[in-house]
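Structure first, then comments.
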Amino acid sequence: MTEINKLKIYPLPAFRDNYIWIIHTTVHAVIVDPGDAAPVIDYLESHHLQPIAILITHHHSDHTGGNLQLLERYNLPVYGPLQEKIPTVTHPVREGDRIQLTPLALTFDVLEIPGHTRGHIAYFTATQLRNMLFCGDTLFACGCGRIFEGTPQQMYDSLQKLASLPDDTLVYCTHEYTLGNISFARVAEPGNDELRKLEQQAKKMRQQHLPTLPTDMATEKACNPFLRCQHLEIIHAAEQFTGEKLIDPVEVFTALRKWKNVF
Ligand code: ZN
Ligand code: FE
């Protein structure tokens, strides 16, 4: 859990490895990607929280499956991608839209980041202390989402767009995939010392059953192979996998993503 000003950002575990992020004060709460309603309701009730909005990043059921039951219980706006037809979304949003969440003193900017799904969006906010990004299944700690609906070029561009956010941005991903991602990253870039340190940290946290998230953008730029397609060691590893010379970063990215799928 992170605490920023008077805000708590709590990772509520769901299913096998999902996190439903609850952003809250002592009174109000915003729920990000509630795949399941039951743990959310438990958390809200035990902390006496009033939910004021749901933010949805993309249409997959492990991110939206709790909406209906939450809407039956609470009267809430549900923000979600305009490009995806999600029946429970009441407020479709797109690139450039701003969402004011006055009770939490937060304003979120909507970023379109297609690739994992065609309409995938992220929510970015700059608080007085830290920048925060809720990016669903696009950027993971040391990895990225699978390309289900978009093209590798789209996913590459989306990741680059996120990587251009400030280095101190805290990154709230929706799955605990970190250790598996690091195992792959270590093979793709064995000479990366930062990555070695990160692996030790992440292992320690998981041994204590703690979430490895949020990560931050500086760490991702230093360790995440999918953001490091210009680095020679990674280019060579990707070329070994494909058996071909790879000319541009998008080709390297495409090879890495294919490789990770079978890793
Ligand atoms: Zn997904
Ligand atoms: Fe997911």
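Heads up: numbering here begins at 1 and tracks the sequence. Worth knowing before you read on, the calculation uses all heavy atoms, side chains too, and leaves out hydrogens, waters and symmetry mates. Counting starts at 1 for both ligands and their atoms, in listed order.
Taking the charged nitrogens against the carboxylate oxygens, K245 and E251 have no contact shorter than 4.0 Å, which rules out a salt bridge. For E194 and K197, the salt-bridge test passes: some basic side-chain N is under 4.0 Å from an acidic carboxylate O. Checked for salt-bridge contact, R94 and E112 miss the test: no charged N lies under 4.0 Å from a carboxylate O. Look at E45 and R73 and you find a salt bridge, because one of the NZ, NE, NH1 or NH2 atoms lies within 4.0 Å of a carboxylate O, short of that distance.
Residues passing the side-chain hydrogen bond (donor to acceptor under 3.5 Å, both in side chains) test with H58 are H60, H116, H120, D137, sequence neighbours excluded. Residues meeting the ring-ring contact (aromatic ring centres under 6.0 Å, His included) test with Y19, sequence neighbours left out: W21.
Each protein N, O or S atom less than 2.8 Å from the Fe ion (ligand 2) was counted, giving 4. With waters left out, the protein N, O or S atoms under 2.8 Å from the Zn ion (ligand 1) add up to 4.
Note: W259 and F241 have parallel aromatic rings, judged against thresholds of 30 and 60 degrees for the angle between ring planes.
For L76 against P51, the heavy-atom pair with the smallest separation is CD2-O, 3.1 Å. L104 and H28 get closest at one heavy-atom pair: CD2-O, 3.5 Å.
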